[in-house]
Amino acid sequence: MAVMDEKRSATPVKTADGTVGKALDVLDQVAGFGRPVRFAELLEGSRYPKATLYRFVQTLTNQNMLSYDPERQTYSPGFRLVRLAHAAWRQTSLAPIARPYLDQLSLDIGETVHLAQLDSGHVLYVDKRNARQPIAMYSQAGKIGPAYCTGVGKAMLAYLHEPQLSTVLSQQSFHVFTPHTLRDIDSLKAELVEIRTAGHAFDREEHEPTIICVAVPIITNQDNVLGALSVTSSTQRSSLEALELLAPRLKRTAKTIAEEATNWHFPDA
(Lines give C-alpha, C1' and ligand atoms only; values in the text may rest on other atoms or scores of the structure.)
Protein backbone atom coordinates (compact mmCIF):
# COMPACT_ATOMS: atom_id res chain seq x y z
CA MET A 1 0.00 0.00 0.00
CA ALA A 2 1.35 3.42 -0.89
CA VAL A 3 1.93 5.64 2.12
CA MET A 4 -1.09 7.87 2.60
CA ASP A 5 -0.89 11.57 2.04
CA GLU A 6 0.19 13.03 5.37
CA LYS A 7 -2.49 15.68 5.50
CA ARG A 8 -5.15 13.08 4.74
CA SER A 9 -3.80 10.62 7.30
CA ALA A 10 -3.73 13.32 9.94
CA THR A 11 -7.45 14.12 9.67
CA PRO A 12 -9.64 12.40 12.29
CA VAL A 13 -12.25 10.25 10.58
CA LYS A 14 -14.36 9.19 13.56
CA THR A 15 -16.83 11.26 15.49
CA ALA A 16 -15.40 12.10 18.90
CA ASP A 17 -17.17 10.71 21.98
CA GLY A 18 -16.82 13.49 24.54
CA THR A 19 -13.47 14.56 25.96
CA VAL A 20 -11.97 11.07 25.84
CA GLY A 21 -13.00 10.65 22.23
CA LYS A 22 -11.43 13.96 21.28
CA ALA A 23 -8.18 13.00 23.01
CA LEU A 24 -8.15 9.72 21.11
CA ASP A 25 -8.69 11.66 17.90
CA VAL A 26 -5.51 13.60 18.66
CA LEU A 27 -3.58 10.39 19.38
CA ASP A 28 -4.78 8.94 16.08
CA GLN A 29 -3.74 12.14 14.35
CA VAL A 30 -0.20 12.04 15.75
CA ALA A 31 0.21 8.33 14.99
CA GLY A 32 -1.16 8.83 11.46
CA PHE A 33 1.86 10.88 10.42
CA GLY A 34 4.20 7.93 10.96
CA ARG A 35 6.92 10.33 12.15
CA PRO A 36 7.47 13.04 14.77
CA VAL A 37 5.15 15.95 14.01
CA ARG A 38 5.08 19.65 14.88
CA PHE A 39 2.08 21.29 16.51
CA ALA A 40 1.52 23.49 13.44
CA GLU A 41 1.13 20.36 11.30
CA LEU A 42 -1.38 18.91 13.76
CA LEU A 43 -3.33 22.15 13.77
CA GLU A 44 -3.47 22.24 9.97
CA GLY A 45 -5.19 18.85 9.81
CA SER A 46 -7.26 19.15 13.00
CA ARG A 47 -10.95 19.95 13.32
CA TYR A 48 -10.37 21.43 16.77
CA PRO A 49 -9.56 25.10 17.53
CA LYS A 50 -5.95 25.91 18.37
CA ALA A 51 -6.53 26.32 22.10
CA THR A 52 -8.51 23.07 22.34
CA LEU A 53 -5.92 21.11 20.38
CA TYR A 54 -3.09 22.55 22.46
CA ARG A 55 -4.86 21.59 25.69
CA PHE A 56 -5.29 18.00 24.53
CA VAL A 57 -1.70 17.77 23.34
CA GLN A 58 -0.38 19.07 26.66
CA THR A 59 -2.58 16.71 28.69
CA LEU A 60 -1.54 13.71 26.58
CA THR A 61 2.10 14.70 26.96
CA ASN A 62 1.75 15.07 30.73
CA GLN A 63 0.22 11.59 30.85
CA ASN A 64 3.11 10.15 28.77
CA MET A 65 0.72 9.21 25.99
CA LEU A 66 2.66 11.61 23.77
CA SER A 67 6.35 12.34 23.86
CA TYR A 68 7.68 15.85 23.19
CA ASP A 69 11.14 16.56 21.74
CA PRO A 70 12.03 20.12 22.83
CA GLU A 71 14.96 20.39 20.40
CA ARG A 72 12.93 19.52 17.31
CA GLN A 73 9.66 20.76 18.83
CA THR A 74 7.87 17.61 17.70
CA TYR A 75 5.40 15.14 19.18
CA SER A 76 5.33 11.36 18.81
CA PRO A 77 3.55 8.43 20.52
CA GLY A 78 4.71 8.16 24.13
CA PHE A 79 6.02 5.19 26.08
CA ARG A 80 2.80 4.77 28.04
CA LEU A 81 0.86 4.41 24.80
CA VAL A 82 3.42 1.89 23.57
CA ARG A 83 3.03 -0.17 26.76
CA LEU A 84 -0.75 -0.15 26.43
CA ALA A 85 -0.53 -1.09 22.76
CA HIS A 86 1.82 -3.95 23.55
CA ALA A 87 -0.51 -5.25 26.26
CA ALA A 88 -3.46 -5.10 23.86
CA TRP A 89 -1.43 -6.87 21.17
CA ARG A 90 -0.56 -9.70 23.54
CA GLN A 91 -4.11 -10.14 24.81
CA THR A 92 -6.33 -9.61 21.78
CA SER A 93 -4.38 -10.48 18.64
CA LEU A 94 -3.68 -13.87 17.14
CA ALA A 95 0.07 -13.20 17.24
CA PRO A 96 0.88 -15.01 20.53
CA ILE A 97 -1.13 -18.06 19.46
CA ALA A 98 0.23 -18.18 15.93
CA ARG A 99 3.89 -17.41 16.68
CA PRO A 100 5.28 -20.98 16.76
CA TYR A 101 3.31 -21.95 13.67
CA LEU A 102 4.54 -18.91 11.76
CA ASP A 103 8.09 -19.75 12.82
CA GLN A 104 7.78 -23.30 11.49
CA LEU A 105 6.04 -22.22 8.28
CA SER A 106 8.73 -19.64 7.60
CA LEU A 107 11.49 -22.15 8.29
CA ASP A 108 9.98 -24.77 5.97
CA ILE A 109 8.98 -22.47 3.09
CA GLY A 110 11.67 -19.81 3.18
CA GLU A 111 9.37 -17.07 1.86
CA THR A 112 7.74 -14.13 3.66
CA VAL A 113 4.84 -15.15 5.92
CA HIS A 114 2.15 -12.71 7.10
CA LEU A 115 -0.48 -12.94 9.81
CA ALA A 116 -3.27 -10.37 9.55
CA GLN A 117 -6.63 -9.44 11.04
CA LEU A 118 -9.39 -7.04 10.03
CA ASP A 119 -9.57 -3.66 11.73
CA SER A 120 -12.37 -1.24 10.76
CA GLY A 121 -12.53 -2.65 7.25
CA HIS A 122 -8.77 -2.60 6.74
CA VAL A 123 -6.00 -5.16 7.10
CA LEU A 124 -3.87 -4.99 10.24
CA TYR A 125 -0.62 -6.91 9.89
CA VAL A 126 -0.10 -8.39 13.35
CA ASP A 127 2.99 -10.51 12.65
CA LYS A 128 5.49 -11.21 9.91
CA ARG A 129 8.39 -13.53 9.15
CA ASN A 130 10.84 -12.38 6.50
CA ALA A 131 12.02 -14.64 3.69
CA ARG A 132 15.53 -16.10 3.77
CA GLN A 133 16.27 -13.55 1.08
CA PRO A 134 14.05 -10.64 2.18
CA ILE A 135 12.08 -8.58 -0.32
CA ALA A 136 11.35 -4.89 0.17
CA MET A 137 7.58 -4.47 0.63
CA TYR A 138 5.08 -2.28 2.44
CA SER A 139 3.79 -4.76 5.01
CA GLN A 140 5.22 -4.78 8.52
CA ALA A 141 3.72 -5.86 11.84
CA GLY A 142 1.57 -2.99 13.10
CA LYS A 143 0.91 -1.46 9.69
CA ILE A 144 -2.54 -1.01 8.19
CA GLY A 145 -3.23 -2.02 4.58
CA PRO A 146 -6.22 -2.16 2.23
CA ALA A 147 -8.47 -5.23 2.29
CA TYR A 148 -9.74 -5.18 -1.31
CA CYS A 149 -6.35 -5.58 -3.00
CA THR A 150 -4.30 -7.77 -0.66
CA GLY A 151 -4.39 -11.53 -0.44
CA VAL A 152 -5.00 -11.62 3.31
CA GLY A 153 -7.69 -8.95 2.99
CA LYS A 154 -9.63 -10.74 0.29
CA ALA A 155 -9.27 -14.09 2.08
CA MET A 156 -10.98 -12.60 5.13
CA LEU A 157 -13.65 -10.68 3.18
CA ALA A 158 -14.68 -13.82 1.32
CA TYR A 159 -15.73 -15.55 4.54
CA LEU A 160 -17.48 -12.72 6.36
CA HIS A 161 -21.21 -13.08 7.03
CA GLU A 162 -23.84 -10.42 6.50
CA PRO A 163 -24.31 -7.74 7.71
CA GLN A 164 -20.60 -7.50 8.55
CA LEU A 165 -19.60 -8.08 4.93
CA SER A 166 -21.73 -5.21 3.65
CA THR A 167 -20.31 -2.93 6.32
CA VAL A 168 -16.72 -3.83 5.48
CA LEU A 169 -17.29 -3.54 1.73
CA SER A 170 -18.67 -0.03 2.25
CA GLN A 171 -15.37 0.89 3.92
CA GLN A 172 -13.22 0.04 0.89
CA SER A 173 -11.74 3.00 -1.01
CA PHE A 174 -10.78 1.28 -4.30
CA HIS A 175 -7.71 3.41 -4.79
CA VAL A 176 -5.79 2.12 -7.82
CA PHE A 177 -2.27 1.19 -6.72
CA THR A 178 -1.19 -0.76 -9.81
CA PRO A 179 -2.67 -1.75 -13.20
CA HIS A 180 -3.83 -4.99 -11.52
CA THR A 181 -5.80 -3.40 -8.65
CA LEU A 182 -9.51 -4.20 -8.45
CA ARG A 183 -11.32 -0.96 -9.25
CA ASP A 184 -14.88 -1.43 -8.03
CA ILE A 185 -17.08 -3.36 -5.65
CA ASP A 186 -18.60 -5.57 -8.36
CA SER A 187 -15.19 -6.88 -9.39
CA LEU A 188 -14.34 -7.53 -5.75
CA LYS A 189 -17.61 -9.37 -5.09
CA ALA A 190 -17.03 -11.60 -8.13
CA GLU A 191 -13.56 -12.50 -6.89
CA LEU A 192 -14.83 -13.21 -3.38
CA VAL A 193 -17.10 -15.90 -4.85
CA GLU A 194 -14.07 -17.47 -6.55
CA ILE A 195 -12.10 -17.34 -3.31
CA ARG A 196 -14.81 -19.17 -1.38
CA THR A 197 -14.83 -21.87 -4.04
CA ALA A 198 -11.05 -22.32 -4.03
CA GLY A 199 -10.51 -21.73 -0.31
CA HIS A 200 -7.62 -19.35 -0.91
CA ALA A 201 -6.94 -15.90 -2.34
CA PHE A 202 -4.21 -14.26 -4.39
CA ASP A 203 -2.54 -10.90 -4.56
CA ARG A 204 -1.73 -10.53 -8.25
CA GLU A 205 0.52 -7.47 -7.95
CA GLU A 206 -2.60 -5.55 -6.91
CA HIS A 207 -1.09 -3.59 -4.04
CA GLU A 208 2.58 -3.32 -5.01
CA PRO A 209 4.28 -4.01 -8.35
CA THR A 210 6.03 -7.42 -8.49
CA ILE A 211 4.63 -8.51 -5.09
CA ILE A 212 2.44 -11.62 -5.22
CA CYS A 213 0.98 -13.90 -2.56
CA VAL A 214 -1.38 -16.72 -1.73
CA ALA A 215 -3.52 -16.35 1.39
CA VAL A 216 -6.04 -18.36 3.40
CA PRO A 217 -8.53 -17.34 6.09
CA ILE A 218 -8.29 -18.45 9.71
CA ILE A 219 -11.82 -19.54 10.61
CA THR A 220 -13.30 -20.96 13.83
CA ASN A 221 -15.52 -24.02 13.99
CA GLN A 222 -18.43 -21.58 14.27
CA ASP A 223 -17.48 -20.09 10.86
CA ASN A 224 -16.19 -16.82 12.30
CA VAL A 225 -13.20 -15.14 10.66
CA LEU A 226 -10.30 -14.66 13.07
CA GLY A 227 -7.66 -13.55 10.58
CA ALA A 228 -5.65 -14.67 7.58
CA LEU A 229 -2.30 -16.21 6.75
CA SER A 230 -0.26 -15.65 3.60
CA VAL A 231 2.97 -16.55 1.85
CA THR A 232 4.39 -13.67 -0.16
CA SER A 233 7.06 -13.54 -2.84
CA SER A 234 7.92 -11.54 -5.95
CA THR A 235 7.49 -12.17 -9.65
CA GLN A 236 11.28 -12.14 -9.98
CA ARG A 237 11.69 -15.41 -8.11
CA SER A 238 8.27 -17.08 -8.01
CA SER A 239 4.86 -17.28 -9.67
CA LEU A 240 1.23 -17.53 -8.65
CA GLU A 241 1.24 -21.16 -9.79
CA ALA A 242 4.17 -21.95 -7.52
CA LEU A 243 2.60 -20.15 -4.58
CA GLU A 244 -0.71 -21.95 -5.09
CA LEU A 245 1.08 -25.24 -4.43
CA LEU A 246 1.64 -23.95 -0.89
CA ALA A 247 -2.09 -23.39 -0.28
CA PRO A 248 -2.72 -26.85 1.28
CA ARG A 249 0.10 -26.28 3.77
CA LEU A 250 -1.24 -22.82 4.58
CA LYS A 251 -4.74 -24.22 5.14
CA ARG A 252 -3.43 -26.85 7.57
CA THR A 253 -1.55 -24.21 9.52
CA ALA A 254 -4.57 -21.89 9.56
CA LYS A 255 -6.75 -24.71 10.86
CA THR A 256 -4.27 -25.44 13.65
CA ILE A 257 -4.14 -21.78 14.66
CA ALA A 258 -7.96 -21.62 14.70
CA GLU A 259 -8.10 -24.71 16.93
CA GLU A 260 -5.55 -23.20 19.30
CA ALA A 261 -7.53 -19.95 19.38
CA THR A 262 -10.64 -21.83 20.51
CA ASN A 263 -8.98 -22.45 23.88
CA TRP A 264 -7.44 -18.97 24.10
CA HIS A 265 -9.04 -16.42 26.41
CA PHE A 266 -9.72 -13.19 24.55
CA PRO A 267 -10.91 -10.27 26.69
CA ASP A 268 -14.56 -9.31 26.22
CA ALA A 269 -15.08 -6.73 23.51
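Keep in mind the model is a prediction, meaning the values are calculated, not measured.
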**OP:** Could you state whether Val231 and Leu245 fall into the same hydrophobic cluster, counting links through intermediate Ile, Leu, Val, Met, Phe, Trp or Tyr residues with side-chain heavy atoms under 4.5 angstrom apart?
**Re:** no

**OP:** Please report the shortest heavy-atom distance between Gly199 and Pro217, naming the atom on each side.
**Re:** O-CD, 3.8 Å

**OP:** Please test Phe39 against Thr74 for side chain to side chain contact (heavy atoms under 4.5 Å, CB included), starting from the C-alpha separation and ending with a verdict.
**Re:** CA-CA 7 Å; Phe39 181 81; Thr74 56; over 6 Å; no

Original post:
Of all heavy-atom pairs between Gly151 and Cys213, which one has the smallest distance, and what is that distance?
Top reply: CA-SG, 3.7 Å

Original post:
For the residue pair Thr150 and Asp203, what are the closest heavy atoms and their distance?
Top reply: CA-OD2, 3.9 Å

Original post:
Could you state the interatomic distance from CD1 (Ile257) to CD1 (Ile97), rounded to the nearest 0.5 Å?
Top reply: 8.5 Å

Original post:
Any sub-3.5 Å donor-acceptor pair from Thr178's side-chain atoms to His180's backbone N or O?
Top reply: yes

**OP:** Check whether Ile185 and Phe177 end up in the same hydrophobic cluster, where Ile, Leu, Val, Met, Phe, Trp and Tyr are linked by side-chain heavy atoms less than 4.5 Å apart.
**Re:** yes

**OP:** Write down the atom of Leu229, the atom of Ala254, and the distance for their closest heavy-atom approach.
**Re:** CD2-N, 4.1 Å

Original post:
So, the side chain of Gln172 versus the backbone of Val168: is there a donor-acceptor pair under 3.5 Å, distance only?
Top reply: yes

Subject >> Residues which pass salt bridge (charged side-chain N to carboxylate O under 4.0 Å, His left out) with Arg132, listed by chain and number, not counting sequence neighbours >> reply: none

Original post:
Which residues pass the side chain to side chain contact (heavy atoms under 4.5 Å, CB included) test with Ser106, sequence neighbours left out?
Top reply: Val113, Arg129

Subject >> Asp108 side chain near Arg249 side chain, heavy-atom distance below 4.5 Å >> reply: yes

Original post:
Who are the side chain to side chain contact (heavy atoms under 4.5 Å, CB included) partners of Ala242, not counting sequence neighbours?
Top reply: Ser238, Ser239

**OP:** Taking the side chain as every heavy atom from C-beta outward, state whether Thr181 and Phe174 have any pair of such atoms under 4.5 Å apart.
**Re:** no

Original post:
With hydrophobic residues grouped by side-chain heavy-atom distances under 4.5 Å, do Val20 and Leu27 end up in a single group?
Top reply: yes

**OP:** For Gln164, check side chain to side chain donor-acceptor pair (under 3.5 Å) against everything at least two apart and list the hits.
**Re:** none

Subject >> Test side chain to side chain contact (heavy atoms under 4.5 Å, CB included) applied to Ala228 - qualifying residues, sequence neighbours left out >> reply: Val152, Ala155, Met156

**OP:** Assess whether side chain to side chain contact (heavy atoms under 4.5 Å, CB included) is satisfied between Leu240 and Glu244, documenting all intermediate values.
**Re:** CA-CA 6 Å; Leu240 291 172; Glu244 188 170 23; over 6 Å; no

**OP:** Hey, could you give me the NE2/CE distance between His114 and Met137, rounded to the nearest 0.5 Å?
**Re:** 5.5 Å

Subject >> Note, Lys255 side chain near Ile219 side chain (heavy atom, < 4.5 Å) >> reply: no

**OP:** Mind listing the closest non-hydrogen atom pair of Ala261 and Leu94 along with its distance?
**Re:** CB-CD2, 4.1 Å

Original post:
What residues form a salt bridge (charged side-chain N to carboxylate O under 4.0 Å, His left out) with Arg237, not counting sequence neighbours?
Top reply: Glu111

Subject >> Qualifying residues under side chain to side chain donor-acceptor pair (under 3.5 Å), relative to Thr210, sequence neighbours excluded >> reply: none

Subject >> Pairwise side-chain contact, Tyr159 with Arg196, heavy-atom cut-off 4.5 Å (strictly under) >> reply: yes

Original post:
For residues 144-172, which residue pairs qualify under salt bridge (charged side-chain N to carboxylate O under 4.0 Å, His left out), counting only residues two or more places apart or in two chains?
Top reply: Lys154-Glu191, Lys154-Glu206

Subject >> Flag side-chain contact, heavy atom, 4.5 Å: Val30 against Leu42 >> reply: yes

Original post:
Does CZ in Arg183 sit with more than 12 non-hydrogen atoms of other residues, nucleotides or ligands closer than 6.0 Å?
Top reply: no

Original post:
Of the non-hydrogen atoms in Ala247 and Val216, which two are nearest, and what is the gap between them?
Top reply: O-CG1, 4.3 Å

**OP:** Measure the spacing between OG of Ser120 and CD1 of Ile144 and express it to the nearest 0.5 Å.
**Re:** 8.0 Å

Original post:
Ser234: what forms a side chain to side chain donor-acceptor pair (under 3.5 Å) with it, not counting sequence neighbours?
Top reply: Gln236

Original post:
Looking only at atom types and distance, does a side-chain atom of Arg80 sit under 3.5 Å from a main-chain N or O of Leu60, one as donor and one as acceptor?
Top reply: no

Original post:
Going through the checks in order, is the ring pair (Phe, Tyr, Trp, His ring centres under 6.0 Å) test met by His200 and Phe202?
Top reply: CA-CA 7 Å; His200 55 267; Phe202 293 109; 5.5 Å; yes

**OP:** For Thr61, enumerate each residue passing the side chain to side chain contact (heavy atoms under 4.5 Å, CB included) test, keeping only those at least two apart in sequence or located in another chain.
**Re:** Val57, Leu66, Tyr68, Tyr75

Original post:
Looking just at side-chain N and O atoms, do Gln58 and Asn62 make a donor-acceptor pair shorter than 3.5 Å?
Top reply: no

Subject >> side chain to side chain contact (heavy atoms under 4.5 Å, CB included) between Arg38 and Leu43, worked out >> reply: CA-CA 9 Å; Arg38 291 176 176 269; Leu43 183 61; over 6 Å; no

Original post:
Would you say the side-chain atoms of His161 pair up with the backbone N or O of Asp223, donor to acceptor, closer than 3.5 Å?
Top reply: yes

Original post:
Among all residues two or more places apart in sequence or in another chain, which pass the side chain to side chain donor-acceptor pair (under 3.5 Å) test with Asp184?
Top reply: Ser187

Original post:
Once you round to the nearest 0.5 Å, how far does CG of Leu53 lie from OG of Ser46?
Top reply: 4.5 Å

Original post:
How would you list, by chain and number, every residue that makes a salt bridge (charged side-chain N to carboxylate O under 4.0 Å, His left out) with Arg252, sequence neighbours excluded?
Top reply: none

Subject >> Separation of Ile211 CD1 from Ser233 OG (nearest 0.5 Å) >> reply: 7.5 Å

Original post:
Are Leu24 and Tyr54 co-members of a hydrophobic cluster defined by side-chain heavy atoms under 4.5 Å apart?
Top reply: yes

Subject >> NZ on Lys128 to OG1 on Thr112, rounded to 0.5 Å >> reply: 5.5 Å

**OP:** Take Gln73 and Asp69, measure what side chain to side chain donor-acceptor pair (under 3.5 Å) needs, and give me the verdict at the end.
**Re:** CA-CA 5 Å; Gln73 297 184 344; Asp69 184 334; over 6 Å; no

Subject >> Gln117 side-chain N/O to Leu226 backbone N/O, donor-acceptor pair under 3.5 Å >> reply: yes

Subject >> Leu102 and Thr253: CA distance, side-chain angles, deciding distance, side chain to side chain contact (heavy atoms under 4.5 Å, CB included) verdict >> reply: CA-CA 8 Å; Leu102 264 64; Thr253 302; 5.7 Å; no

